[in-house]
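Report on one structure; see the data block that follows.
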Amino acid sequence: MEKNSSLWKNLIDEHPVCTTWKQEAEGAIYHLASILFVVGFMGGSGFFGLLYVFSLLGLGFLCSAVWAWVDVCAADIFSWNFVLFVICFMQFVHIAYQVRSITFAREFQVLYSSLFQPLGISLPVFRTIALSSEVVTLEKEHCYAMQGKTSIDKLSLLVSGRIRVTVDGEFLHYIYPFQFLDSPEWDSLRPTEEGTFQVTLTAETDCRYVTWRRKKLYLLFAQHRYISRLFSVLIGSDIADKLYALNDRVYVGKRYHYDIRLPNYYHMSSPQMSRLPLTEQFRNSREGNE
């Protein structure tokens, strides 16, 4: 304890105190280095945020090294700042190489910039998602799924084109780019369950979509909980959009807007009900209630 107290006393009490201060300010290089440090520490997260931070900090340390060499003439200050500049430069090159090495096909680039990047998903995470998928072309008037025949064994996201959804030949709604093709079917089954499509999905134009095999995607979810939560949010939002799109098309009687969230909708959707056109089912239900 006495040795520690004596060391502290030597550092503080017996250290010479500045009696006079320099009247003139330091050179412009010193102030430029300070400004670069302040701006550099305002950088964000992610790959591009790190590039921003290390580039400005590296320039700041370089200016400090030049200032120590030219104005202060202190070898130790110059050495430390130059070493820190080299470290920042090496980090910048390493991160830039990582960003450069992550390249995708055109469909994945469009998908990332339109859907995943606005959500703050980093390129490495999106790369993990993309490596588990494949891009498929669907020609005009070809079916992605047929009612009662096609098994639910994948999850697909439309990148370009337009898909028409029908049930018993009756039009329900369209699927547009950056919407899932089969989110309701995916959400309706547990990982161990199997099922078939209850609607028919037909391409109205030449389409391109990204698809994930069901087993492979569940394996990805088990390995990366963050990706699992991400897809859960995306699928839930997509299902809600489809419900509202269907709701906007349902009118009964004199321009009466029927809400599919009402209990009668679910009752009429049960398998025991006869498959009548949707508007006729709603009309019969309304007359029964009256």
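Computed from heavy atoms alone, side chains included, the values below leave out hydrogens, waters and symmetry copies.
Separating the CD1 atom in Ile121 from the CD1 atom in Ile129 is a distance of 6.5 Å, to the nearest 0.5 Å. The distance from the CZ atom of Phe197 to the NZ atom of Lys149 is 14.5 Å, given to the nearest 0.5 Å. Taken from OG in Ser156 to CZ in Arg213, the straight-line distance is 8.0 Å, to the nearest 0.5 Å. Interatomic distance, Leu36 CG to Leu32 CG, rounded to the nearest 0.5 Å: 4.5 Å. Taking NE2 from His31 and SG from Cys63, the interatomic distance works out to 12.5 Å, rounded to the nearest 0.5 Å. Summarising the geometry, atom CZ belonging to Phe89 is positioned 15.0 Å from atom CG belonging to Leu84; distances are rounded to the nearest 0.5 Å.
At a threshold of 4.5 Å between non-hydrogen side-chain atoms, the residues Ser132 and Leu217 do not count as touching. Side-chain contact between Lys140 and Arg162 is absent, with no heavy atoms from C-beta onward closer than 4.5 Å. Looking at heavy atoms from C-beta onward, Leu189 lies out of side-chain contact with Glu194 at the 4.5 angstrom threshold. With a 4.5 Å cut-off on side-chain heavy atoms, Phe171 and Val165 do not count as touching. Within the 4.5 Å cutoff, no side-chain heavy atoms of Val159 are placed close to those of Val135. Within the 4.5 Å cutoff, the side chain of Leu57 has heavy atoms near those of the Phe41 side chain. Between Thr200 and Cys143, some side-chain heavy-atom pair lies under the 4.5 Å cut-off. Between Gln198 and Thr196 there is a side-chain heavy-atom pair separated by less than 4.5 Å.
In terms of modelled atom types and a separation under 3.5 Å, the side chain of Thr128 and the main chain of Pro124 share a donor-acceptor contact. Within the 3.5 Å criterion, the main-chain N or O of Leu234 finds no donor-acceptor partner in the side chain of Ser237. Proximity of a side-chain donor or acceptor of Asp238 to a complementary backbone N or O of Phe180 within less than 3.5 Å is detected. Side-chain atoms of Asp182 never come within 3.5 Å of backbone atoms of Ile152 as a donor-acceptor pair (strictly under, hydrogens ignored). The backbone N or O of Asp168 lies less than 3.5 Å from a partner atom in the side chain of Gln147, making a donor-acceptor pair. Between the side chain of Thr150 and the main chain of Met146, a donor-acceptor pair closer than 3.5 Å is present. Using modelled atom types, no side-chain atom of Glu170 and backbone atom of Val167 make a donor-acceptor pair closer than 3.5 Å. A side-chain donor-acceptor contact under 3.5 Å links Ser188 to the backbone of Glu185. For Ser133 (side chain) and Ala130 (main-chain N/O), a donor-acceptor pair under 3.5 Å exists by modelled atom type. Not a single donor-acceptor pair under 3.5 Å links the side chain of Asp153 to the backbone N or O of Arg214.
Cluster membership for Tyr52 and Phe92, using ILVMFWY side-chain heavy atoms within less than 4.5 angstrom, is not shared. A single hydrophobic cluster is not seen to contain both Val39 and Leu51; linkage of ILVMFWY side chains at heavy-atom distances under 4.5 Å, directly or through other members, places them apart. Both Tyr226 and Leu111 belong to a common hydrophobic cluster when Ile, Leu, Val, Met, Phe, Trp and Tyr are linked at side-chain heavy-atom distances under 4.5 angstrom. By the rule that hydrophobic residues join a cluster once side-chain heavy atoms approach within less than 4.5 Å of another member, Met90 and Leu59 end up as members of one cluster. Cluster annotation: Val70 and Ile77 are assigned to the same hydrophobic cluster (Ile/Leu/Val/Met/Phe/Trp/Tyr, side-chain heavy-atom contacts under 4.5 Å, transitive).
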Test Asp187 against Ile239 for side-chain contact (heavy atoms from CB on, under 4.5 Å), laying out the working first. CA-CA 9 Å; Asp187 191 64; Ile239 293 175; 3.5 Å; yes
Apply side-chain contact (heavy atoms from CB on, under 4.5 Å) to residues Leu181 and Leu157 and explain how you reach the verdict. CA-CA 6 Å; Leu181 298 180; Leu157 186 63; over 6 Å; no
So Leu119 and Leu230, side-chain contact (heavy atoms from CB on, under 4.5 Å) or not? Walk me through it. CA-CA 9 Å; Leu119 297 177; Leu230 171 65; 4.1 Å; yes
Please report the C-alpha distance between Glu204 and Tyr174 in whole Å, then the side-chain angles of each, then the deciding distance to 0.1 Å, and finally whether the side-chain contact (heavy atoms from CB on, under 4.5 Å) criterion is met. CA-CA 9 Å; Glu204 281 217 336; Tyr174 286 114; 3.3 Å; yes
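Side chains of Tyr209 and Glu107: no donor on one and acceptor on the other come within 3.5 Å. Neither side chain, Tyr144 nor Thr202, offers a donor N or O lying under 3.5 Å from an acceptor on the other. Side-chain contact, Arg208 with Thr137: a donor N or O sits under 3.5 Å from an acceptor N or O.
Residue Pro177 comes nearest to Ser160 through the heavy atom pair CG-CA, 4.2 Å, listed as atom of the first residue, atom of the second, then distance. Taking every heavy atom of both residues into account, Ala203 and Leu138 meet most closely at CB-CD2, 3.7 Å. Pairing each heavy atom of Gly161 with each of Cys207, the nearest pair is CA-SG, 3.8 Å.
Within 6.0 Å of CD on Glu193 lie more than 12 heavy atoms contributed by other residues, nucleotides or ligands.
Salt-bridge annotation for Glu134 and Lys216: absent, with no side-chain N of the basic residue lying under 4.0 Å from a carboxylate O of the acidic one.
Between Phe126 and Phe108, the two ring planes are perpendicular [angle over 60°; tilted spans 30° to 60°]. Under the 30°/60° scheme for interplanar angles, the aromatic rings of Trp186 and Tyr218 are found to lie parallel.
Evaluation of the side chain to side chain donor-acceptor pair (under 3.5 Å) test over residues 67-90, restricted to residues two or more places apart or in two chains, returns Glu26-Trp67.
Taking the six-membered ring for Trp, Phe82 and Phe78 have ring centres closer than 6.0 Å. Residues Phe37 and Phe61 place their aromatic rings such that the two centres sit under 6.0 Å apart.
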